[in-house]
Every structure is written in C-alpha cells, then in structure tokens.
2 protein chains.
Amino acid sequence: MDRRQRKTREAIFGAFTALLAEKDFEHITVGEIIDRADVGRATFYSHFETKDFLLKELCAELFCHISDAVEENCDHKHIFDCVAPDSAFLHLFMHLQKNDNGILELLSSRNNGLFLRYFKDNLMRFAENQLPHFISEKNKSLPKSYLVNHIASTFVETVHWWLTGGRKESPETMTGYFLAVL
Amino acid sequence: MDRRQRKTREAIFGAFTALLAEKDFEHITVGEIIDRADVGRATFYSHFETKDFLLKELCAELFCHISDAVEENCDHKHIFDCVAPDSAFLHLFMHLQKNDNGILELLSSRNNGLFLRYFKDNLMRFAENQLPHFISEKNKSLPKSYLVNHIASTFVETVHWWLTGGRKESPETMTGYFLAVL
DNA sequence: AATAATACCGAACAGTATGTTCCGTACAGA
DNA sequence: TCTGTACGGAACATACTGTTCGGTATTATT
C-alpha cells in the first residue's frame, strides 16, 4: 500500500477516534474529521464511501486486532475452538484491560451502543464454539441459536457493566462474574 | 390540552411510527414526517425540539403504556413488586404478543438498537424488584447492580431473539427460555 | 535519473436537511 | 361573541453531504 494512503488512512482513523471519545457518532461531521486529520475533503471520500463505512472499518480493525492478540497470547492455538471458557474469556478481559488502541474509550463513550453491537456480532462465532461448555441439564433442550445469542450478549453486557462501573474489578473477577451467571 | 394540539401530536406520532417501520431513524427527515402527518413545518418544531426528542417521547409513551397494561392484567397489583417472575415476564411477553401500538414493528425494525435500549432502561427498575427471586447459591456473592443489569439485558436479548426469529414461539415458551438461562 | 502513475490539495459546486421567522387564517375555550 | 393561540404556508439563513476539477507533490517503475 502506498505510504501516502497509509498515512492519510491513519490520520483519519486517529481524528475519528478522538472525536468519538468527545461526542456522539451522529453529531460528528465529515468536516470535523478532515479538519482534525488535516486532510482534503475529496481525499476522505476517496478512502471511505461514507461516515458509516469509516465506522465499520474502524470497528473491524479493532476487533480483528483483539482476536489476533488473544490468539497469540494462547500460543497460536485457536483459543475459542479448543480452550476452556474461563481461560478464553479471561484472555478477552485481560486484553481489554490492557486497553490497546484506546478501544475502551470507544466502548465506554456515549457511542457504546454502536460498538457493543459490533462487539457482539464478532463474539457470536466465538460463542458458537464455546457452546458445548455451557450446555447443562437445565438448558439442553433450548434452541442452539438462543443459547449462542445469550452467551455473546451476556459477555457484552458484562463488559459494559465493567466499563460503566469504572473498571475497578480485575479480569479474573469479571470472568468469575460472567461464568457465575451462565 | 387543546384538541388541535392533541390531533397534530397524534398525527406526527402516527406518521413517525409508520416511517420507522420502513426505514432507519437516521434516514427519516423532518420533511417526510410532516408530509405524511400533513402538518406544517413550524408546527412540528413547536411540538418537538428535534427529531431525537420526538423519538424519546414516543418511546416513553409506548413503554408507559406497556407498564400500565401489564399492571391492569394483574388486577391492579404492582406486578413487578410482588408477583412471581414467571407470571410477571409472561405477562410482558403476552402484551408484546398482542402488539398494541405496533410496538413490535419498532422493536424488530432496523431501529431495534434504539428501542431495545429504551426498553432495557425501563426494565431496570422492574429487574430490581424481581432480584430476590433470582438469587441463588451460585450468584449470591455477586454485586447486586451486576445481577440487575444481567436480568434486564437478558430479557431484552430474549425479546430481541424472539423478534428476529419471526415470533414463532408462544409467550409461555419464551418465558420458559428466559427463566431457563437465569 | 527520467518517466509514468497516482494520491493529494483546495476550492467550488449542486443538492438536501435543519431550524427559524413571518403573517394571515381558523379554530378552541370562556 | 370574543380573546387567545395553534396552525399553515412560504421563505429564509445555515450547515452538511458527496462530487468535480485542475494543479502539485510523492510514489513506484524502468
């Protein structure tokens, strides 16, 4: 990729991220983004079709980065395929704790609805692989898709509660909470 | 309240509701609303400060209406204060099933993110009253606010799953699912 | 080093949405 | 009947979007 392209792309992502920490996504204008990124208007639109696509790509990068990092921590195993749930989700919490890329600012900002939604979408396939670990006598007759949805959304809601509460608990504690209610 | 005010208010709500069933909230313009409601532009803005406030007031009316109806069904008892959880949540599902005010169209449209959020906010205080019914050996040491949040969001996610799946299950079945995972 | 390709800027552009203001009309409640 | 006020219609300034253009600087290619 052309170095110029990479630079402007990063400048736009940076400006956009900073703005997201300040105000609602809906109230951010392209004008503000290009001002802060110091980039021409036409340049912006040559990179991103609309503001929504910019958000989508940002989310994709962030969550993709999380997945990669979690898998690395786990000796290149496909963590969500084979590892026990406490370990898998603990690593997710730990990576969030590290707060790379300022992902926590985004998840806890006023825009958290948007991000948590993307977060959940990305978690669904993980939850699917984790499903066998959560089957019990009580829920084994329930539809699989309902259980998968429940696992993913419970994790997202747990993260959300953690963030809005100021992230006082350790990743270990949060993993404990999460597993206790499932 | 002046009959004229009431009429235009209802006309706007009606037009807005119909539009919400067709497209995203963000892509609905004030122009479209007042066209369909057959109302002057200035009139709209004398009723609602912005489009966001219109949404807020619509949600408030709908959820207020649900709460009232559920309480009536229950012989004017404060259902969420005193009734067993299966009964309380069953009544909620049944009222949703009846689909008054087209609330289901709103909850299942592309706008569901917004509405489910309001829905959850309204459920939080109910979940608080229901909390004692959900305390178990396993979760009794967890923070109360975490459990309340978990109950409310699990219910919302259950409704969401129900809606996106086409509402094929009966309210009794859904209540069963909901209680099984808690 | 010379060349071709292309990413960029900046400015301008039409199109559309917002929220406000005005005055004349029609309806409500007393 | 009378007074207040909600309404309609239209115009308005302002702001944001997404596109277009010609000129410049940087990149990759040879």
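The sequence lines fix the lettering, A, B, ..., with proteins before strands; numbering per chain opens at 1.
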Please tell me if [X] has a side-chain N or O lying less than 4.0 Å from either OP1 or OP2 of [N].
X: A:Tyr45; N: D:dG18; answer: yes
X: A:Thr8; N: C:dA7; answer: no
X: A:His47; N: C:dC8; answer: yes
X: A:Thr50; N: D:dT17; answer: no
X: A:Thr43; N: C:dC8; answer: no

A:Glu169 backbone acceptor or donor facing A:Trp162 side chain under 3.5 Å: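 Present.
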Check every strand shown and say whether B:Arg3 touches a base, only sugar-phosphate, or nothing at a heavy-atom separation below 4.0 Å.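 Result for B:Arg3 = sugar-phosphate.
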Could you check whether the side chain of A:Arg4 and the base of C:dC8 have a donor-acceptor pair of N or O atoms closer than 3.5 Å, going by distance alone? no
First encountered from the 5' end of DNA chain D, between B:Arg41 and B:Arg6: B:Arg6
Where the side chain of [X] is concerned, which of [options] is the nearest nucleotide?
X: B:Val39; options: D:dG8, D:dC7, C:dT21; answer: D:dG8
X: B:Ala42; options: C:dT21, C:dA17, D:dC21; answer: C:dT21
X: B:Asp2; options: D:dC7, D:dC16, C:dA28; answer: C:dA28
X: B:Val30; options: D:dA10, C:dT18, C:dA7; answer: C:dT18

Have a look at B:Asp2 and tell me which of B:Arg4, B:Arg6, B:Gln5 forms a side-chain hydrogen bond (donor to acceptor under 3.5 Å, both in side chains) with it.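 Filter result, single survivor: B:Arg4.
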Could you tell me how far apart [X] ([atom1]) and [N] ([atom2]) are, to the nearest whole angstrom?
X: A:Asp38; N: C:dG10; atom1: CG; atom2: C1'; result: 12 Å
X: B:Phe25; N: C:dA17; atom1: CZ; atom2: C1'; result: 14 Å
X: A:Glu49; N: D:dT17; atom1: CD; atom2: P; result: 15 Å
X: B:Asp35; N: D:dA10; atom1: CG; atom2: C1'; result: 14 Å
X: B:Phe48; N: C:dA17; atom1: CZ; atom2: C1'; result: 19 Å
X: B:Phe44; N: D:dG8; atom1: CZ; atom2: P; result: 13 Å
X: A:Ile34; N: C:dC9; atom1: CD1; atom2: P; result: 9 Å
X: B:Phe53; N: C:dT18; atom1: CZ; atom2: C1'; result: 15 Å

If you draw the axis of the six-membered ring of A:Tyr118, does the NZ or CZ of A:Lys56 fall within 45° of it and under 6.0 Å from the ring centre?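 No; the conditions do not both hold, so A:Lys56 does not lie above the ring face of A:Tyr118.
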DNA chain C: 5'-proximal contact among B:Met1 and B:Lys51 (nearest heavy atom):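 Of the two residues, B:Lys51 wins.
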Looking at A:Glu128 and A:Lys144, is any side-chain nitrogen of the basic one under 4.0 Å from a carboxylate oxygen of the acidic one? no
Kindly check if the number of other-residue, nucleotide or ligand heavy atoms within 6.0 Å of CD (A:Glu22) is above 12?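 More than 12 within 6.0 Å, yes.
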For B:Lys140, all residues meeting salt bridge (Lys or Arg N to Asp or Glu O under 4.0 Å), sequence neighbours excluded: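 Counting only residues at least two positions away or on another chain, B:Lys140 forms a salt bridge (Lys or Arg N to Asp or Glu O under 4.0 Å) with B:Glu137.
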